[in-house]
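Below is one structure, written out as structure tokens; comments come after it.
All chains are named by letter (A, B, ...) in the order of the sequence lines, taking the proteins before the strands, and each is independently numbered beginning at 1.
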There are 2 protein chains.
Amino acid sequence: MPKIVDHDARRAELAEAMWRVVYRDGVAAATVRSIAAEAGWSPSALRHYFATQADLLIFAMEHVIAQSAERFAAESWTGPPRETAQRMLEEFLPLDRQRRRAAEVWLWLTLHAQVDPAAQARLSEADDGVRGVVDVAVDALAAAGLVARGADLGAEKARLHALLDGLTLHALVRTELMPPGRLRALLAEHLDSLTSARDGP
Amino acid sequence: MPKIVDHDARRAELAEAMWRVVYRDGVAAATVRSIAAEAGWSPSALRHYFATQADLLIFAMEHVIAQSAERFAAESWTGPPRETAQRMLEEFLPLDRQRRRAAEVWLWLTLHAQVDPAAQARLSEADDGVRGVVDVAVDALAAAGLVARGADLGAEKARLHALLDGLTLHALVRTELMPPGRLRALLAEHLDSLTSARDGP
DNA sequence: GAGCCGTGCCGAAGATCGTCGACCACGACG
DNA sequence: CGTCGTGGTCGACGATCTTCGGCACGGCTC
């Protein structure tokens, strides 16, 4: 009976407006009002599609993660496993402004999740997406026989994942000490350590 | 001529009040009002000692870091270097509620530093404190001959530091996957990887 | 011992934020 | 062609950080 709008499309539109604001002015500028202005709506209109600000940011974050997942699925990922793993994991490092902004949003969500169980749950799902890529990368290395027998794959995945997020954090807080080249080099060094021969059981 | 107050002592008192609030209710509850109430002052009084909320949190963070540094300096750190390094680094992991809360504050500051150059500068100094401890730990291992010749000490320090902060982040966002025991084990695994024989140049 | 005046502190106000409720308008269905 | 539900706006509320004007206390000077 009433006017019908494609909610999913509208949500995506608002999420993109949010990313434009974030890319331009940083996550601190991602207020409900500024995002609404960017999208050309009144602040109240957003409430029809996102009950709360955190919902919008989570949706936007899931949006880019889903896009990343599509890119991962689309690419063939042939070639040397070692270089492939490096390329896959570099996707998550803040090597350019865009990914740096995404890391800021990620940080905002992480902090917010400390007090919002709903955000916590959905952030965990998104986190699983990243963890899944790390798993794939490590498994591919192991399947290629590049990881020493006896290595604890579960622990290696957790360690690599932690290193990835730690590097991201350091890139945010100490940009001058962590230029893109150093981020890549440290990731490479870790993969070297992972793939070099180590004592089996 | 006027009433004289020991500003440093008052600042320390307010910082301790802040930590009580944070410990009890989390960093989100660390508003100027709640901290003032906890300390028994009016919100305006805080402005005499901290120009802004970020200043208070930074001071409080530096406060605990300074205390940690004192503990580090006080302890003799004798015994096997490998176990010593583990103990030193575990100080920075959120293994109990107190350190978890500290990590939340750290996260808040990191986010805030993205828009506040002053906070950014002072946070960098605090970050150097942590980096210094990591350096000491790795240097001690190297001095004991436990790190393979040819290893890039600078890179190893950066990698260990990133791992430390990454583990902290994961402990905050995925507590159920990162209980204290697993945090310790992953740190130990990394130190094992660092101290096990690796290819020299 | 008396007065001055600067420090310390408070209360209220300003600005901005997220969120909510009341109200209007359009348009698809009966 | 009328109905009524969805979509949208406006205004307001409460909370936040920060700023401003004013009051009071208490050391220093005379």
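One N or O donor and one acceptor, one from the side chain of B:Ser44 and one from the base of C:dG11, sit under 3.5 Å apart. Not a single donor-acceptor contact under 3.5 angstrom links the side-chain atoms of A:His48 to the base of D:dG7.
For the OP1/OP2 pair of C:dT16 and a distance below 4.0 Å, the side-chain nitrogens and oxygens of A:Thr31 include no atom meeting the criterion. For the pair A:His7 and D:dT6, the criterion of a side-chain N or O lying under 4.0 Å from OP1 or OP2 is not met. OP1 and OP2 of D:dT18 both lie 4.0 Å or more from every side-chain N or O belonging to B:Arg47. Here B:Arg10 reaches the OP1 or OP2 of C:dC9: one of its side-chain N or O atoms lies under 4.0 Å away.
Atoms CG (B:Asp6) and P (C:dG8) sit 11 Å apart, rounded to a whole Å. A:Asp116 has its CG atom 14 Å from the C1' atom of C:dT19, to the nearest Å. In this structure, B:Phe50 places its CZ atom 16 Å from C1' of C:dG8, rounding to the nearest Å. Taking atom CG on A:Asp8 and atom C1' on D:dG7, their separation rounds to 16 Å, with Å as the unit. Whole-Å rounding puts the A:Gln53 CD to D:dA15 C1' distance at 14 Å. For the pair A:Leu46 CG and D:dC10 P, the computed distance is 14 Å after rounding to whole Å. The nearest whole Å value for the distance from the CG atom in B:Leu56 to the P atom in D:dT18 is 10 Å. One interatomic measurement links the two molecules: CH2 of A:Trp108 to P of C:dG18, which rounds to 8 Å at whole-angstrom precision.
Each of D:dT9, C:dG11, C:dT19 was ranked by its minimum atom distance to the side chain of A:Ser42; first place goes to D:dT9. Checked against D:dC17, D:dT9, C:dG18, the side chain of A:Trp41 finds its nearest nucleotide in D:dT9.
Counting any heavy atom pair closer than 4.0 Å across all strands shown, B:Ala45 reaches sugar-phosphate atoms only and no base atom. As judged by a 4.0 angstrom heavy-atom cut-off over every strand, B:Tyr49 is placed among residues touching the sugar-phosphate backbone only.
A salt bridge links B:Glu176 to B:Arg174: at least one charged side-chain nitrogen sits closer than 4.0 Å to a carboxylate oxygen.
Residues A:Gly40 and B:Arg33 both approach DNA chain D. Their nearest nucleotides, taken by heavy-atom distance, put A:Gly40 toward the 5′ side.
Listed by first and then second residue, the side chain to side chain donor-acceptor pair (under 3.5 Å) pairs that reach into residues 50-66 of chain A are A:Glu62-A:Arg122, sequence neighbours excluded.
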For B:Leu164 and B:His190, what are the C-alpha separation, side-chain angles and deciding distance, and is it a side chain to side chain contact (heavy atoms under 4.5 Å, CB included)?
CA-CA 10 Å; B:Leu164 215 52; B:His190 187 83; over 6 Å; no
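When atom types are taken as modelled, the side chain of A:Trp19 and the backbone of A:Ala60 share a donor-acceptor pair closer than 3.5 angstrom. One N or O on the side chain of B:Gln114 and one on the backbone of A:Leu172 form a donor-acceptor pair closer than 3.5 Å.
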